[in-house]
Structures are given as structure tokens and as C-alpha cells.
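All remarks here apply to the structure that follows.
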Amino acid sequence: SPEMKRLVSLADKIAATDLTILLTGETGVGKDVFARHIHDVSGRKGNFISFNAAAVPRDMIESELFGYREGAFTGAVSSKVGLFEMAEGGTFYLNEIADASPAFQAKLLEVLETHEVRRLGETTKRRVNFRLIAATNRDLKHEADEGRFRPDLYYRLEEISFVVPPLRVRKEDIPCLVTYFIESMAKDACSNGYRDSIASISNILALRQWPGNIRELRSEVRRLLVESHYDITRMKSLLQDFEARRMINKLIETLKATDWNRREAARILGISDTTVRNWIKKYNLTPDSPLLD
């Protein structure tokens with residue numbers, strides 16, 4: 001889509017800089033993939049280290065990121081290098097930054113300002129050189145304004161920001177994504193005369209709103225592939241049948257909600273009165289009709 005082309009083009013231009021990057025966008029839009037792309041084209045020789053601030057208990061975050069010396073605390077039977085040091089010369093990707101504790105936010109700001117870390121149990125500091133990419137599905141500016149996030153850290157993180165748009169506003173990306181997922185899950189499927197079927201599958205899937213974004217789309221493609229035993233033609237048929245049942249169930253629910261007012265149901269669903277009447281006749285729908293399995 002034009003917006004994704006613009007974002008990727010901008011990412012390619014700034015990838016080689018040291019600018020701290022903030023990625024925002026709904027869950028499942030591809031922020032992790034976007035961060036990895038920036039690293040891959042940055043020319044950095046170090047590792048891409050990913051850390052989810054919401055997935056690690058708060059009392060373990062400091063030891064994970066800064067590392068520790070043997071004997072620094074109970075259970076520290078040997079020294080450990082922290083993730084900040086492991087990202088030396090590379091990229092540190094910090095996901096779910098909005099969930100970071102105030103204490104961690106203060107320490108992260110210090111690392112960004114000084115480029116130094118100190119392992120737990122040590123007194124000396126070590127120089128680190130990594131590019132930070134932070135990501136969140138929340139409005140970090142609003143979080144800062146409401147006092148739930150440090151404003152100084154917010155402005156330090158947002159040297160350049162990218163808002164990755166949801167899939168529902170870039171549906172022209174769906175055919176590329178569907179083709180990619182099928183090719184990665186069913187080798188050679190797209191090169192054996194199935195491109196028309198895959199195009200039809202993409203057109204049907206583009207009708208949905210995808211609240212779970214690309215992650216939800218990938219799961220749906222995987223499910224359809226498994227249920228069709230990796231037969232692309234059968235996959236298309238299964239999807240057509242599923243979509244028909246889904247639309248009929250939506251019609252049944254809408255008709256019941258409108259006291260069986262066909263015209264109002266058609267308006268809500270964005271279809272014609274004729275289509276509503278035809279579906280009612282074709283599927284023998286009545287006010288007592290149950291939802292289809």
C-alpha cells in the first residue's frame with residue numbers, strides 16, 4: 001500500500017543513523033517485523049536483541065538487561081552478560097515499552113544518555129553502543145500526559161516515530177501477505193498453477209476487518225491450509241463455504257435485531273434489499289432460524 005511504501009522508504013533512509021526509533025500501532029500490525037527490517041538494512045554488525053517489557057517479571061528485568069556478577073544475589077551462581085551488552089554494535093528492540101516500571105524507565109533513560117551499564121554486584125560501568133527501537137500499542141504521548149510514563153524518556157525515545165497502520169486500512173497488502181504465508185507454509189504451492197485460487201482467497205479475506213491485524217490473518221491462513229490438507233483448491237472452497245455461513249449468520253443476527261425488518265437489515269449490512277430477500281429464500285430463513293454451525 002502507498003502508506004507502507006512510504007514507511008519502508010523512510011525506514012531505509014534512517015536505518016544507518018543512530019536515531020532512537022519509536023514504533024506504534026495496534027497489536028499484530030507487524031511492529032516486530034518492521035523493527036527487524038530496520039536492523040537488517042542498517043549495516044550494523046551486532047546482534048538484533050529483542051526484549052518484551054511485559055513478558056518478564058519486574059524484579060527480573062534489571063538482571064536480564066544489565067546482567068550480574070557471580071554472588072550478586074541469591075541464586076547468582078555465575079556471572080551473566082546482560083542483554084544491553086549482547087546488543088553491542090547492533091539493535092536493541094524493546095517491545096511493550098509502555099508497560100515498563102517507573103524504576104526501569106529511569107534506568108533506561110540513564111543508559112540512553114550515558115551509553116553505560118553497570119552489572120548488578122559491580123561498581124564499574126561498561127560502555128555500550130546499540131541502537132534502540134522501542135514499540136508499543138498504546139499512545140505513549142497520552143500515557144506521558146497522564147503521568148503514567150516519564151515525559152523525558154518519551155521525548156528521548158521519539159527521535160523519530162513510525163505509526164504502523166492497521167490492516168483494515170491497507171487491504172491492498174492482503175494478497176501479498178496471503179501469498180507469502182501460503183508459500184512459507186506450503187512449499188511451491190504458489191508456483192503450481194494456483195495463483196488464480198490464491199487471488200480469489202485474498203479477495204474473500206479482504207472483506208473482513210481483521211481486528212487482530214496481520215497476526216490474525218496469518219492464523220486464518222494456517223487454519224485453512226491445515227483443514228484443506230494443504231490443497232489450495234480445497235482451501236478456496238472451504239473459505240467460500242465459511243464466508244457464506246458467516247454472512248448468513250450475520251444476516252440472521254441483524255434480522256432478529258431489527259425485528260425482521262428486511263430493509264433496515266440491508267442498510268445495516270450495506271447490501272441491497274434484493275440480496276437480503278434472495279438469501280432469505282435460498283437458505284429458508286425464518287424468524288426462528290438458528291445460527292449455522
Side-chain angles (χ1 to χ4, degrees), residues 1-4 24-31 98 136-139 141-143 146 148 163-179 181-182 185 194 196-229 231-293:
S1 62
E3 178 61 12
M4 286 306 297
T24 60
E26 297 176 7
T27 297
V29 295
K31 296 187 292 294
T136 178
N137 58 12
R138 281 145 64 179
D139 184 340
K141 177 65 165 60
H142 178 72
E143 296 293 306
E146 293 295 314
R148 292 187 291 269
V163 180
V164 184
L167 189 56
R168 62 181 173 274
V169 301
R170 52 183 175 108
K171 290 188 175 182
E172 55 264 67
D173 292 340
I174 288 179
C176 297
L177 291 165
V178 170
T179 300
F181 293 143
I182 290 178
M185 299 173 199
Y194 293 119
D196 288 344
S197 293
I198 292 174
S200 297
I201 290 169
S202 300
N203 290 336
I204 296 172
L205 293 176
L207 298 173
R208 303 188 196 175
Q209 292 303 303
W210 300 109
N213 294 293
I214 297 174
R215 187 175 292 124
E216 182 186 3
L217 175 64
R218 180 182 60 192
S219 296
E220 179 68 352
V221 171
R222 180 181 290 120
R223 181 188 69 80
L224 288 166
L225 277 169
V226 170
E227 290 187 4
S228 65
H229 302 289
D231 183 322
I232 305 301
T233 301
R234 187 166 182 235
M235 179 182 176
K236 173 185 172 182
S237 298
L238 284 174
L239 181 58
Q240 289 173 330
D241 292 343
F242 177 81
E243 281 300 305
R245 292 196 305 274
R246 190 175 73 89
M247 288 303 299
I248 294 306
N249 284 339
K250 196 170 183 180
L251 175 59
I252 292 172
E253 292 173 341
T254 306
L255 284 169
K256 289 183 177 180
T258 59
D259 293 326
W260 210 254
N261 186 320
R262 295 169 178 78
R263 180 170 296 177
E264 179 63 12
R267 186 191 66 78
I268 293 174
L269 294 173
I271 57 180
S272 67
D273 296 359
T274 301
T275 299
V276 169
R277 289 194 295 270
N278 288 341
W279 283 358
I280 291 173
K281 182 178 180 180
K282 180 178 180 180
Y283 294 97
N284 298 315
L285 301 181
T286 69
D288 298 322
S289 293
L291 297 178
L292 302 180
D293 294 330

Glu243/Arg246 ion pair, N-O < 4.0 Å: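 Yes, Glu243 and Arg246 are salt-bridged.
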Salt-bridge present (Arg208, Glu216; N to O < 4.0 Å):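 Salt bridge flag = no for Glu216 with Arg208.
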Rounded to the nearest 0.5 Å, what's the gap from [atom1] on [X] to [atom2] on [Y]? Could you check?
X: Trp210; Y: Ile174; atom1: CH2; atom2: CD1; value: 7.0 Å
X: Leu239; Y: Ser197; atom1: CG; atom2: OG; value: 11.0 Å
X: Arg262; Y: Thr274; atom1: CZ; atom2: OG1; value: 12.5 Å
X: Ser228; Y: Ile201; atom1: OG; atom2: CD1; value: 8.0 Å
X: Lys171; Y: Leu217; atom1: NZ; atom2: CG; value: 11.0 Å
X: Met247; Y: Leu292; atom1: CE; atom2: CG; value: 12.5 Å

Qualifying residues under salt bridge (Lys or Arg N to Asp or Glu O under 4.0 Å), relative to Arg148, sequence neighbours excluded: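 If we apply the salt bridge (Lys or Arg N to Asp or Glu O under 4.0 Å) test to Arg148, skipping adjacent residues, the hits are Glu143.
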Residues which pass salt bridge (Lys or Arg N to Asp or Glu O under 4.0 Å) with Arg222, listed by chain and number, not counting sequence neighbours: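 Arg222 satisfies salt bridge (Lys or Arg N to Asp or Glu O under 4.0 Å) with no other residue.
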Asp273 (side chain) donor-acceptor with Ala266 (main chain) under 3.5 angstrom: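 Such a contact is absent between Asp273 side chain and Ala266 backbone.
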Arg234 side-chain N/O to Glu227 backbone N/O, donor-acceptor pair under 3.5 Å: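 Such a contact is found between Arg234 side chain and Glu227 backbone.
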Trace of the side-chain contact (heavy atoms from CB on, under 4.5 Å) decision for Phe181 with Ile214: CA-CA 10 Å; Phe181 293 143; Ile214 297 174; 3.7 Å; yes
Would you say that [X] contacts [Y] through its side chain, given a criterion of any heavy-atom pair below 4.5 Å between the two side chains?
X: Leu225; Y: Val221; result: yes
X: Gln240; Y: Arg245; result: no
X: Val164; Y: Thr24; result: no
X: Arg168; Y: Pro211; result: no

Shortest non-hydrogen contact from [X] to [Y]?
X: Pro165; Y: Glu3; result: CG-CG, 3.9 Å
X: Pro175; Y: Ser202; result: CA-OG, 3.5 Å
X: Ala98; Y: Thr136; result: CB-OG1, 3.5 Å
X: Ser289; Y: Lys256; result: O-NZ, 3.0 Å

For [X], what residues pass the side chain to side chain contact (heavy atoms under 4.5 Å, CB included) criterion, not counting sequence neighbours?
X: Ser200; answer: Lys236
X: Asp173; answer: Ser1, Met4, Arg170, Leu177
X: Asp139; answer: Lys141, His142
X: Asn261; answer: Thr258, Arg263, Glu264

Worked check of side-chain contact (heavy atoms from CB on, under 4.5 Å) between Ile232 and Ile182: CA-CA 9 Å; Ile232 305 301; Ile182 290 178; 3.8 Å; yes
Residue pair Glu26, Asn137: steps toward the side chain to side chain donor-acceptor pair (under 3.5 Å) verdict: CA-CA 5 Å; Glu26 297 176 7; Asn137 58 12; over 6 Å; no
Verdict with reasoning, Arg223 to Glu220, per salt bridge (Lys or Arg N to Asp or Glu O under 4.0 Å): CA-CA 5 Å; Arg223 181 188 69 80; Glu220 179 68 352; 2.8 Å; yes
Criterion side chain to side chain contact (heavy atoms under 4.5 Å, CB included) against Ile280, the qualifying member of Thr286, Leu255, Ile252: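 Answer after filtering Thr286, Leu255, Ile252: Leu255.
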Stepwise side-chain contact (heavy atoms from CB on, under 4.5 Å) check, Ile271 with Trp279: CA-CA 11 Å; Ile271 57 180; Trp279 283 358; 3.9 Å; yes
Test side-chain contact (heavy atoms from CB on, under 4.5 Å) applied to Val29 and Leu167, step by step: CA-CA 7 Å; Val29 295; Leu167 189 56; over 6 Å; no
Residues, nucleotides or ligands: over 12 heavy atoms within 6.0 Å of Lys250 NZ: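 Counting neighbours around NZ of Lys250, 12 or fewer heavy atoms of other residues, nucleotides or ligands fall under 6.0 Å, so no.
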